[in-house]
Amino acid sequence: MKRIAILGSTGSIGTQALEVIAANPDSFELEVITAYSNTDLLIEQALLFKPNVVVIAREDLYPIVRDALQNEDIKVYAGANALCSVVEMGTVDMVLTAMVGYAGLQPTIRAIQAGKEIALANKETLVVAGQLITELAREKGVNIYPVDSEHSAIFQCLTGEFHNPIEKIILTASGGPFRGRTIEELQYVTKVQALKHPNWDMGAKITIDSASLMNKGLEVIEAKWLFGLSNDQIDVVVHPQSIIHSLVQFQDGSIKAQLGLPDMKLPIQYAMGYPNRLKSDYPRFNFLDYPQLTFEQPDLKTFRNLQLAFDAMAQGGNMPCILNAANEIAVGAFLRDEVGFLEMSDLIESCMAKVTYIAHPSLSDYVETDRETRLLATDFVKNKTV
């Protein structure tokens, strides 16, 4: 029985993780759930699953959650410090980090320091501070199990192959809702169009990232750290059907691929249940339903965010942190109709050129870089919209 803490239980990954826990009561026990501001769903989840602890990140919303759960044997806390403290509880075996963005960094660090297993859905943690996180995990003897479908696919392909060197990995991308569009066409796309992903049902931020191919860029940087790869060992190929989730090529030229229907519950369950493959009743893939699986090169000139991510990875240091912070501001501004779709890339590129570069950053440097970048990116949006 693994005792699970879910950071971000009201989001897309969090809610599906709860479905996995509900379907496997003999394998998992829910200890902690957290949310940023969705009090209604957090309360509903708490009443259904009866965790030991509930945390609402926004302190002003604490009374709502506390009062709703006052007759339950559930501890209720609030604030960023509480998020970091609950992952250290002795009753927690694994922490599923499903928070969105930079906010997941500090709780993940605290969980690793406390020796907890990590099921990582918060890719930004490794994008921002990959070297720091992986070195800390090695020092503490902590395993990090990937939850992203692409990284889960690579992890599954490597099972039984850890003694065999990787030649390269190939991350697959659906191409998003705007695959094949020209730069001219992308100038006028709306957030409503961008939020309609052809294959996956995800939260707003990751869906916009997928439309701009920034999500794949973040995954490229995450893969570098998860699997100890050099920059030239990572390729991206567009695969519109999203059936092959990623591939690994070994030094003898052989390639292993992991296939399945686009369903995030499978990689969530694999990460939480590892090393066991737990039985599921998820829909099964049928080759006859997909007589053609197609592949194409990503268009790096039209979808500049993917190229910017490769550039940030190549430069290293705090540049991926700059990329991530600028992108978070850009996506928020796009969702508020304050910048256009292509202007997100302009904003990110501007920040990468102007924010102070640090070749060998410390944790405090990452924190300052994130702050500096967000201020500059916010000014970009304000000056653009004035």
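Heavy-atom basis, side chains included; hydrogens, waters and symmetry copies ignored.
The side-chain hydrogen bond (donor to acceptor under 3.5 Å, both in side chains) search around R58 returns D60, not counting sequence neighbours. With sequence neighbours left out, the side-chain hydrogen bond (donor to acceptor under 3.5 Å, both in side chains) criterion links T159 to Y270. Qualifying ring pair (Phe, Tyr, Trp, His ring centres under 6.0 Å) partners for F341, counting only residues two or more places apart in sequence or in other chains: F178, F334.
For residues 351-377, no residue pair satisfies the ring pair (Phe, Tyr, Trp, His ring centres under 6.0 Å) rule, not counting sequence neighbours. Applying the side chain to side chain donor-acceptor pair (under 3.5 Å) definition to pairs two or more places apart or across chains, those involving residues 104-116 are E88-R110. Annotation: side chain to side chain donor-acceptor pair (under 3.5 Å) contacts involving residues 314-326, sequence neighbours excluded, comprise N318-T369, N324-E328.
Between the CD1 atom of I43 and the CG atom of D67 there is a distance of 9.0 Å, given to the nearest 0.5 Å. Here C157 contributes atom SG and Q249 contributes atom CD; the two are 12.0 Å apart, rounded to the nearest 0.5 Å. Expressed to the nearest 0.5 Å, how far CG of D148 lies from CG of L218 amounts to 9.5 Å. Going from atom CE of M94 over to atom OH of Y145 covers 6.0 Å, rounded to the nearest 0.5 Å.
Salt bridge annotation for D93-K2: absent, with no cationic side-chain nitrogen under 4.0 angstrom from a carboxylate oxygen. Ionic pairing of K216 and D209 is not present here: no N-O contact between side-chain nitrogen and carboxylate oxygen is shorter than 4.0 angstrom.
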Worked verdict on Q269 versus Y282 for side-chain hydrogen bond (donor to acceptor under 3.5 Å, both in side chains) = CA-CA 11 Å; Q269 179 172 294; Y282 308 146; 2.9 Å; yes
